[in-house]
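Report on the following structure.
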Amino acid sequence: MSASASLVDTRIYRQASRVVGDTVALATSAPDRVDEQAFFAGFVRTPRVVAGGLLALADIAAADFRPVRSPGGRDPVVTGDGERLRLEALSACGGVYGRLDLAAGELDGAPVGQGVTNVDINPELYSALTRVGAGDPLRLAVGEDELAVSTLDGRIVEKRVPLPDRWLRGLAEVSAHALPMDPRLELRPGRAVALLAEVSARTGRRTRWLMPAATGWRSTSRPDRGAICVADGYRLSVLRPLLPLARTVTLYAPPVSGAPAQVSGWVLDFGTARFTLLLSTAVNHGFAGDGQLLADLGAGSADTDADALSALLVTEPVVDRSSVAERMGWDGTRATSALAALATAGQVGYDIAAASSFHRPLPYRADLVAALHPRLAAARALGAAGGVVPTAAGVEITSGGSTYLVHRRGAGYACTCAWWAEHQGLRGPCKHVVAAMFSEENGVTRGE
């Protein structure tokens with residue numbers, strides 16, 4: 001994976017991941033130093049689940065479901081929070097997100113470190129994982145134990161892996177899409193296999209809506225309250241090997257909004273582990289360009305609040321918005337804005353099954369984060385230039401020699417610009433709406 005100007009420091013794997021006896025040793029990368037970060041070393045309780053989850057993440061990271069494909073990688077992001085491990089990946093096309101959560105019970109009580117890094121799932125390790133059986137002992141080692149005696153001469157794989165900018169943007173937008181999701185349909189594995197067969201056929205490259213029914217579900221061409229959207233469902237095929245191992249499969253969806261397509265969430269529960277997959281609204285529509293997160297950044301204190309919240313997340317890596325508001329003395333909107341500000345830098349994710357946010361302390365370059373969100377940067381520039389003027393009719397925005405009017409529409413906003421006319425808010429707010437939100441929240445024009 002590469003990027004011309006990555007916001008995350010270049011990371012180097014000192015050696016390849018490998019299988020040694022009954023141990024799957026996942027090599028981790030570390031920025032600007034030779035030593036690797038050690039997160040965990042211990043036996044897992046369900047070897048086939050863990051091996052299958054790692055394979056699914058590798059498949060997602062390598063997959064590009066678009067007609068014109070780009071090469072992917074197999075280097076998921078792993079986070080240790082002191083209690084559990086979370087491993088995440090985005091597809092090369094940016095429209096499929098996967099996460100494997102390993103709880104303390106799955107890790108057999110072994111201590112878990114804190115931090116975040118990439119792990120290397122190379123072809124040799126991938127092949128070995130396919131041969132892990134249910135009765136095979138599996139010891140997972142994330143990092144190395146005896147680094148002090150290792151040398152660089154002839155044994156180190158100098159594999160430079162900067163986290164792609166699109167991953168950082170994608171992870172941020174995934175959290176925004178996940179926030180309003182609620183459980184809609186729960187299935188046993190056998191029924192889930194039948195559903196997957198129905199929605200993943202390549203002949204059905206279209207948007208389907210599923211309605212919970214007495215028999216499990218029914219398909220409909222028109223969304224109704226409580227419906228679940230499945231867009232280009234053949235992308236769900238990466239879940240097929242995991243379904244027989246799950247206890248339950250739960251489908252999640254946001255409230256039906258009238259949009260032609262919506263995201264969906266699929267959570268496979270294994271007891272001590274979970275696998276979560278989020279599917280974007282179309283195969284050619286990745287998460288990174290949505291801008292949904294920008295709608296939550298209206299609070300003028302978001303950046304300052306994010307710094308304060310980051311300190312809390314060091315000791316409490318799993319939080320929900322109500323507890324954040326209570327602990328910090330904020331209202332719900334302010335708590336949401338602070339979490340959104342952290343999410344723009346990939347610092348928090350959202351777990352739809354637990355209905356909570358989690359800390360992901362990526363080693364990002366904070367000075368360049370705004371550049372990843374051009375609408376956010378442009379909105380701040382408009383405010384700094386004095387181009388945001390509240391009026392009785394709404395907020396007038398002067399941009400590029402033209403003046404646009406941002407006005408209220410129901411609980412949200414609308415704009416007279418061409419971009420808004422094309423997307424109607426389905427890809428997040430335009431830069432004019434974001435600038436108006438900042439102005440309204442602060443009562444004055446807002447710059448940096």
Side-chain angles (χ1 to χ4, degrees), residues 22-24 26 39-60 76-89 97-113 119 121 129-142 178 181-196 212 216 228 236-252 264-279 317-318 320 349-358 360:
D22 57 8
T23 299
V24 173
L26 295 176
F39 286 102
F40 173 79
F43 285 93
V44 297
R45 291 192 172 180
T46 56
R48 285 185 64 196
V49 167
V50 174
L54 290 171
L55 289 170
L57 288 177
D59 288 341
I60 288 172
V77 173
V78 59
T79 303
D81 68 4
E83 295 183 1
R84 63 187 64 77
L85 291 177
R86 302 183 192 271
L87 297 98
E88 303 173 271
Y97 164 82
R99 188 181 71 249
L100 175 65
D101 294 328
L102 304 179
E106 176 63 43
L107 303 176
D108 208 20
V112 179
V119 294
I121 300 182
L129 289 172
T130 64
R131 298 190 292 272
V132 174
D136 297 335
L138 180 61
R139 185 176 183 271
L140 184 65
V142 188
M181 284 187 172
D182 290 316
R184 301 280 189 237
L185 177 64
E186 181 177 303
L187 300 170
R188 293 294 178 184
R191 295 295 291 157
V193 169
L195 175 59
L196 189 67
I228 305 153
L236 293 168
S237 59
V238 294
L239 293 178
R240 187 172 288 113
L242 285 173
L243 288 180
L245 307 176
R247 295 183 179 182
T248 60
V249 178
T250 305
L251 277 62
Y252 288 74
S264 62
W266 302 66
V267 177
L268 281 61
D269 185 2
F270 306 100
T272 53
R274 282 199 308 265
F275 194 92
T276 300
L277 183 144
L278 263 64
L279 205 63
V318 177
D320 58 53
Y350 190 78
D351 185 344
I352 56 177
S356 61
S357 298
F358 60 88
R360 186 200 302 116

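As the structure is a computational prediction, the values presented were derived from the model and not from experiment.
For the pair R45 and D108, the salt-bridge criterion is met [side-chain N within less than 4.0 Å of a carboxylate O].
Residues passing the side-chain contact (heavy atoms from CB on, under 4.5 Å) test with E83, sequence neighbours excluded: D81. Take A273 and apply the side-chain contact (heavy atoms from CB on, under 4.5 Å) test, not counting sequence neighbours, and it matches V49, L102, E106, F270. Scored by the side-chain contact (heavy atoms from CB on, under 4.5 Å) test, A354 finds R274, D351, S356 as partners (sequence neighbours excluded). Partners of R240 according to the side-chain contact (heavy atoms from CB on, under 4.5 Å) rule, which considers only residues two or more places apart in sequence or in another chain, are L196, S200, S237. Taking R48 as the reference, nothing meets the side chain to side chain donor-acceptor pair (under 3.5 Å) condition, with sequence neighbours excluded. With sequence neighbours left out, the side chain to side chain donor-acceptor pair (under 3.5 Å) criterion links D320 to S322, S323. The salt bridge (charged side-chain N to carboxylate O under 4.0 Å, His left out) check on D136 picks up nothing, with sequence neighbours excluded. By the side chain to side chain donor-acceptor pair (under 3.5 Å) test, S357 is found to be paired with R321, residues two or more places apart in sequence or in another chain being considered. Not counting sequence neighbours, T79 has no partner by the side chain to side chain donor-acceptor pair (under 3.5 Å) test.
Here salt bridge (Lys or Arg N to Asp or Glu O under 4.0 Å) pairs that include residues 184-196, with residues two or more places apart or in two chains, number zero.
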(message) Determine whether L251 and L195 satisfy the following criterion, side chain to side chain contact (heavy atoms under 4.5 Å, CB included), listing intermediate values before the conclusion.
(response) CA-CA 11 Å; L251 277 62; L195 175 59; 3.8 Å; yes
(message) Go through it in stages, so that I can follow the logic: the residues are L239 and V249, the test is side chain to side chain contact (heavy atoms under 4.5 Å, CB included), and I'd like the CA-CA distance, side-chain angles, deciding distance and then a yes or no.
(response) CA-CA 11 Å; L239 293 178; V249 178; over 6 Å; no
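The minimum heavy-atom distance between L54 and L100, with the atom names listed, is N-CD2, 4.1 Å.
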